[in-house]
A.B. asks: 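For reference, the structure I am asking about is given below.
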Amino acid sequence: MENENFFSYLKKIRKSKILFFVFIIISAMTALLVYFNQDSWILLNCTLGKNSNSCVYKFERLYLLPITIFLLLNVCLFTDEIFKFLKLMSIKLENLETKKSAHFLISFSVVFSLLLFYYRFSFFIIDPTRVFWIKSLGTDSLQNFLGWHVFRNSPWDFPFGVMQNINYPIGTSVGYSDSVPFLAFLFKLFTNFLPEYFQYFGIWVFSCYILQGFFAAQIFKNFKCSMKLKLLAVPFLIMSTVLLDRFGHLALNCHWMILASFFLYFSKEISVKRKTKWQTLIVIFSSWVHPYITFLMFALQTALFIKLYIENKKYLKELLSYFLMSLFLVFSSWYLIGYFYLDGGNDPKNVLFSINLNTLFNPFEKSKLMQPLGAGPRHYEGFAYLGVGLLIILIVLLFEKWEEKKYVFIKENKPLIWILAILTCLSLSYEIKFGTLTIINTPIPEVLESFYGVYRSVGRFIWPTYYFIVIFILLSLLMRERSLIKKCTLLLIALLLQFIDIYPLYKPVNLNYKNDFNIERNLAPWLHFMAGNKNKIIFYPNRQYSYIDFWMLASKYHYSVNIGYFARNNSEKILENDANTYQNIINGKIPNDTIYVVLNENIKVFEVSSYKDNFICENIQEFYACKNKN
């Protein structure tokens, strides 16, 4: 008699109509319990119940989750058949032709990225008419949207990215709101055909996630190891902690450029000319996305070009011409965007956002399994936590004998390793800490003062090193001489632990999917006070205040305002303009097209003026606004 096992019981249930019916009833009751549980959760957590716009994923919670539970329970009845199918598929996958194998890996990787995007954001954010969700991500993403919104309604200027009506009278650039300039320029051309509220950031983030998956697969596709190992490896690169941590900085979601650069560097199938052209295009494109990404792309381009020169010195002239062309086109692009217009990008303050020496294993309260370690208040920009899964693989490898054959630390990768070492040193800045313990604290060297004045969030320079370490850990396991079962088991366990550990980084973002961009402030009193020829609002002293409302007001009615939140500004000119505003108040001179605004608590600024009778003033909400009687 055949031994009874779990699979034999499943067969019995499937064959018996009564048992099968009972199992269906139990599955349905379980799904119903899940439905009532989610219904209670919604009533408890959503202010207006099921009809509340603030109730995120209510459809998924009430219907999709119970149906999924029901289906999964019934699928369990066919576990034995599923195992047979998976075994057959495994054999077919290993016997695929090289080209088909690569296509399958890329397809899997892209689908995985798509599901990650959907789980985290849902496809709602791709809809360009839904804009309110951006406000849920925080001040930086809000700045990205508002910069674009004001830019689209501003007249064209030169340089083309300049906006004179914001940060008045200095002006600013759409680049200093980190609004992904190339998309801002593209859609500004069609602004008259777009709805009043329009955003392209959902499409941008979606594209970044898909390309992250595409290039993660590209890196692994040509390594000669089991397809099963590759399928288990690519999620580690797709679910990169440094990428997942950047959801609030919308322009900085383009980590696929780093992976693309690594792919070009490691690839042996692509010709030198194609590598040179593609890497140059990446550098130029990055200049229309974000200056920090451009610096990293220049660094990786340098590593690639040095490698190609060492391998064949006859390419020197071509490599040098492409590098110089990159420099010229990048700086030309930056000029057109307006990065040089402000003359305030260089901020020499001795404050940098660097990495901590424990950054690779410090989760910064973004882990389910690890406790945060000590760090300085500005080290969050240098976040590069590997995750428990990768750390376990690394620990296992460290306790094993290392093979003589290496796949990463080889002679041809020396230029890349040296460039990454330089980037890592720059990311440490002048104050090096391990946890809260200061190891080195020196003044900024003069040679680096200008550099650190422009690039203050130097902790971001650790990103390429992070990806290199992840690739190194994975390849060290994939290419190791040990049984396939052991490698698959270790990778699977590590991946499951990684999923659990970094859940706080990829959990669904609580978004509000309204179409419009509501302004809570009542703008009617401001429009009434501005009636006539008034079109400039000057706050004294210049602070952020409620800049969101006034940017929206300026955008809609073509006013100019001096307040805002920018990636960079010219602090000297702001102080100079504040001094001029104060002198105008004291001397009773408010320009005819301008109103001056202070907080109610600062009314005394106007009261001490000997010419206060020249002003018409009014309390408007928490502010006190004055204009010239004339």
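In this text, all values refer to a predicted model and were calculated from it rather than measured experimentally.
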A.B. asks: Does the side chain of Leu243 come within less than 4.5 Å of Gln212's, by heavy atoms?
C.D. replies: yes

A.B. asks: Measure the shortest side-chain to side-chain distance between Thr294 and Val289 over non-hydrogen atoms and say whether it is less than 4.5 angstrom.
C.D. replies: no

A.B. asks: Are Trp334 and Phe331 an aromatic pair, judged by ring center distance below 6.0 Å?
C.D. replies: yes

A.B. asks: Strictly under 6.0 Å, is that where the ring centroids of Trp204 and Tyr200 end up?
C.D. replies: no

A.B. asks: Run the ring pair (Phe, Tyr, Trp, His ring centres under 6.0 Å) test against Phe353 and tell me which residues pass, sequence neighbours left out.
C.D. replies: Tyr380

A.B. asks: Can you list everything that forms a ring pair (Phe, Tyr, Trp, His ring centres under 6.0 Å) with Phe361? Sequence neighbours excluded, please.
C.D. replies: none

A.B. asks: Below 4.0 angstrom, N of the basic side chain to O of the carboxylate: do Glu196 and Arg152 qualify?
C.D. replies: no

A.B. asks: Is any side-chain heavy atom of Pro291 closer than 4.5 Å to a side-chain heavy atom of Tyr455?
C.D. replies: yes

A.B. asks: Sequence neighbours excluded, which residues qualify as side-chain contact (heavy atoms from CB on, under 4.5 Å) partners of Phe193?
C.D. replies: Phe190

A.B. asks: So, for Tyr503 and Tyr506, is the gap between ring centers shorter than 6.0 Å?
C.D. replies: yes

A.B. asks: Just checking Trp288 against Phe185, ring centres under 6.0 Å apart?
C.D. replies: yes

A.B. asks: So, Thr359 and Tyr466: side-chain donor and acceptor under 3.5 Å apart, yes or no?
C.D. replies: no

A.B. asks: Ring centroid separation for Trp551 and Phe566, is it under 6.0 angstrom?
C.D. replies: yes

A.B. asks: Heavy-atom distance under 4.5 Å between the side chains of Leu477 and Leu490, does that happen here?
C.D. replies: yes

A.B. asks: Between Val150 and Ser555, what is the shortest heavy-atom contact and its length?
C.D. replies: CA-OG, 4.0 Å

A.B. asks: Between Tyr467 and His255, is there a side-chain heavy-atom distance shorter than 4.5 Å?
C.D. replies: yes

A.B. asks: Determine yes or no for a side-chain-to-main-chain donor-acceptor pair under 3.5 angstrom, with Ser179 supplying the side chain and Pro181 the backbone.
C.D. replies: no

A.B. asks: Does the ring of Phe145 carry Lys135 above it, NZ/CZ under 6.0 angstrom from centre and within 45° of its axis?
C.D. replies: no

A.B. asks: Could you check whether atom OH of Tyr63 has more than 12 heavy atoms from other residues, nucleotides or ligands sitting under 6.0 Å from it?
C.D. replies: no

A.B. asks: So, applying ring-ring contact (aromatic ring centres under 6.0 Å, His included) with Tyr176, which one of Tyr341, Tyr565, Tyr339 is it?
C.D. replies: Tyr339

A.B. asks: Only one of Asn562, Asn570, Asn569 forms a side-chain hydrogen bond (donor to acceptor under 3.5 Å, both in side chains) with Asn167, so which one is it?
C.D. replies: Asn569

A.B. asks: Which pairs would a plain distance check flag for residues 385-395, meaning a side-chain donor or acceptor within less than 3.5 Å of a matching protein atom at least two apart in sequence or in another chain?
C.D. replies:
unit_1, atom_1, unit_2, atom_2, d
Tyr385, OH, Asp501, OD2, 2.6

A.B. asks: A side-chain contact here means heavy atoms from C-beta on lying under 4.5 Å apart; do Phe247 and Arg120 qualify?
C.D. replies: yes

A.B. asks: With a 6.0 Å cut-off on ring centres, are Phe550 and Tyr545 close enough?
C.D. replies: no

A.B. asks: Between Phe198 and Thr129, is any pair of side-chain heavy atoms under 4.5 Å apart?
C.D. replies: no

A.B. asks: Looking at the rings of Tyr547 and Phe539, which for Trp means the six-membered one, are their centres under 6.0 Å apart?
C.D. replies: no

A.B. asks: Quick check: do Ser354 and Glu431 have side-chain heavy atoms less than 4.5 Å from each other?
C.D. replies: no

A.B. asks: According to ring pair (Phe, Tyr, Trp, His ring centres under 6.0 Å), who are the partners of His290, at least two apart in sequence or on a separate chain?
C.D. replies: Tyr292

A.B. asks: Counting only heavy atoms not in Phe160, do more than 12 fall under 6.0 Å of its CZ?
C.D. replies: no

A.B. asks: Flag yes if more than 12 heavy atoms outside Lys368 fall under 6.0 Å of its NZ atom; otherwise flag no.
C.D. replies: no

A.B. asks: Taking side-chain contact (heavy atoms from CB on, under 4.5 Å) as the definition, give me every residue that meets it alongside Ile432, ordered by chain and number, with sequence neighbours left out.
C.D. replies: Leu357, Leu428, Ile439, Ile440

A.B. asks: Any donor-acceptor pair under 3.5 Å linking the side chain of Ser177 with the backbone of Val174?
C.D. replies: yes

